[in-house]
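For reference, the structure discussed in these notes is given below.
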Amino acid sequence: MIEYVIPDFNIDQIARSGQCFRFRREEEGRYSLIAGGKWLDIEQNGETVRFSCTENEFEGFWRDYFDLNADYGRYKSKVAKRDAYLRAAVETGSGLRILRQELWETIICFIISQQNNIPRITKCVDGLCTLFGEARQRANGEVYHAFPTAERLAQCTPEELSPIRLGYRAKYICATARQVASGAVDLEKVACMKYADAKNELLRLTGVGIKVAECICLFGLHHIDAFPIDTHIRQMLDAHYPKGFPLTRYRGFAGVMQQYAFFFELETQNNR
DNA sequence: TGCCAGGTGCTCG
DNA sequence: CGAGCACATGGC
């Protein structure tokens, strides 16, 4: 167990922001997370955050995963004073971070995300891990499952995935797993590419279109200039930026602004 | 009950 | 090239 004081960090907002589907809310202010095959408990009280790992594990993996070396105060300070919408969004999601998630896992999670809602995406991802992910043990002996490898999923037929209730996405997942496992699409190469090239390469994967490719770039490759446009963002753009979103103003980190806006739309969709 | 959810692939013209 | 349509599933 290790404890830090971290500004611009809110685990509740991050867990509910729909960028990662392996958070579980254990109780008020307490979450668990599986990433990089590792289990982590997180507990937050104000700016004080406790992580269930050693300092070495934190410095060697989780600090980077939570993007803690980036200064989100600097991103926020770039928001235009007159932009009432984005200012409200940034205030509401003041503790968001763009997590540095594993590429393969991000590809599959966002193929699942299409025409789907966050609770059910979470269920599907959980089912995929439980059925095909490598079983691991926590310090207390409890078993959890890592995210299944491309090689494992490449052996699956859509019928074998049917208990997960992925719907028509099951065949996309099988096809994409085969493309990756065979090396037809080389993820190690994709990881070294510039944003535009990476996006084009990802578009070759079955079930990956523009929007999903943008999400993979943003969350799985940390190309924070990627700007995914989904139904919520589409509505938001039409309502608040009829003349177009000021992408040039936020060139280089527009994806961070997108994430504040996306979270804000999630938070406010009930009362509107 | 029909609409919607972090869309994509395919098929026409 | 772009509009239109099918595609699975579950919650409201």
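Lettering of chains follows the sequences in order, A, B, ..., and the numbering in each one begins at 1. For the numbers below, each heavy atom of this structure counts, side chains included, while hydrogens, waters and symmetry mates do not.
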Phe110(A) and Phe21(A) aromatic centres sub-6.0 Å: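 Yes.
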
Answer with base, sugar-phosphate or nothing: what part of the nucleic acid does [X] contact at a heavy-atom distance below 4.0 Å?
{"X": "Leu205(A)", "result": "sugar-phosphate"}
{"X": "Gln259(A)", "result": "base"}
{"X": "Ile111(A)", "result": "nothing"}
{"X": "Ile118(A)", "result": "sugar-phosphate"}
{"X": "Ser162(A)", "result": "nothing"}
{"X": "Gly18(A)", "result": "base"}

[atom1] spacing across the pair [N] / [M], given as an integer number of angstrom:
{"N": "dA8(C)", "M": "dT1(B)", "atom1": "P", "result": "23 Å"}
{"N": "dC3(B)", "M": "dC5(C)", "atom1": "P", "result": "14 Å"}
{"N": "dA6(C)", "M": "dG2(B)", "atom1": "P", "result": "16 Å"}

Presence of donor-acceptor pair under 3.5 Å, side chain of Tyr168(A) and base of dG7(B):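 Looking at the base of dG7(B), it does pair with a donor or acceptor on the side chain of Tyr168(A) (distance under 3.5 Å).
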
dA8(C) OP1/OP2 closer than 4.0 Å to side-chain N/O of Lys171(A):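 The answer is yes; a side-chain N or O of Lys171(A) sits under 4.0 Å from OP1 or OP2.
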
Arg165(A) vs dG10(C): side-chain N/O to OP1/OP2 distance below 4.0 Å: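 Yes, because at least one side-chain N or O of Arg165(A) sits under 4.0 Å from OP1 or OP2 of dG10(C).
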
Parallel, tilted or perpendicular, as decided by the 30° and 60° cut-offs, for the rings of Tyr241(A) and Tyr85(A):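 The arrangement is perpendicular - the two ring planes meet at more than 60°.
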
The single option from Tyr260(A), Tyr75(A), Phe9(A) passing side chain to side chain contact (heavy atoms under 4.5 Å, CB included) against Leu96(A):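 Answer after filtering Tyr260(A), Tyr75(A), Phe9(A): Tyr260(A).
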
Whole-Å distance between [N] [atom2] and [X] [atom1]?
{"X": "Ile107(A)", "N": "dG7(B)", "atom1": "CD1", "atom2": "P", "answer": "18 Å"}
{"X": "Phe21(A)", "N": "dG6(B)", "atom1": "CZ", "atom2": "P", "answer": "9 Å"}
{"X": "Gln115(A)", "N": "dG11(C)", "atom1": "CD", "atom2": "P", "answer": "17 Å"}
{"X": "Phe219(A)", "N": "dG6(B)", "atom1": "CZ", "atom2": "C1'", "answer": "8 Å"}
{"X": "Ile210(A)", "N": "dG2(C)", "atom1": "CD1", "atom2": "C1'", "answer": "13 Å"}
{"X": "Asp126(A)", "N": "dT9(C)", "atom1": "CG", "atom2": "P", "answer": "18 Å"}
{"X": "Glu214(A)", "N": "dG6(B)", "atom1": "CD", "atom2": "C1'", "answer": "12 Å"}
{"X": "Leu203(A)", "N": "dT8(B)", "atom1": "CG", "atom2": "P", "answer": "9 Å"}

Would you mind telling me which of [options] lies closest to the side-chain atoms of [X]?
{"X": "Gln114(A)", "options": "dT8(B), dA5(B), dG6(B)", "result": "dT8(B)"}
{"X": "Lys123(A)", "options": "dG9(B), dG11(C), dG6(B)", "result": "dG11(C)"}
{"X": "Asp230(A)", "options": "dA8(C), dG7(B), dG10(C)", "result": "dG7(B)"}
{"X": "Arg120(A)", "options": "dA5(B), dT8(B), dG10(C)", "result": "dG10(C)"}

Exercise: identify the closest heavy-atom pair between Phe227(A) and Ile233(A):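 So the minimum-distance heavy-atom pair works out to CE2-CG2, 4.2 Å.
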
Criterion side chain to side chain donor-acceptor pair (under 3.5 Å) against Ser32(A), the qualifying member of Arg24(A), Arg138(A), Glu26(A):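 So, applying the side chain to side chain donor-acceptor pair (under 3.5 Å) to Ser32(A) and each of Arg24(A), Arg138(A), Glu26(A), only Glu26(A) qualifies.
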
Nearest-nucleotide comparison on DNA chain B, the residue closer to the 5′ end among Thr206(A) and Phe110(A):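 On the 5' side of the pair lies Phe110(A).
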
Short side-chain donor-acceptor distance under 3.5 Å, Thr157(A) and Glu160(A):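 There is such a pair between these side chains.
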
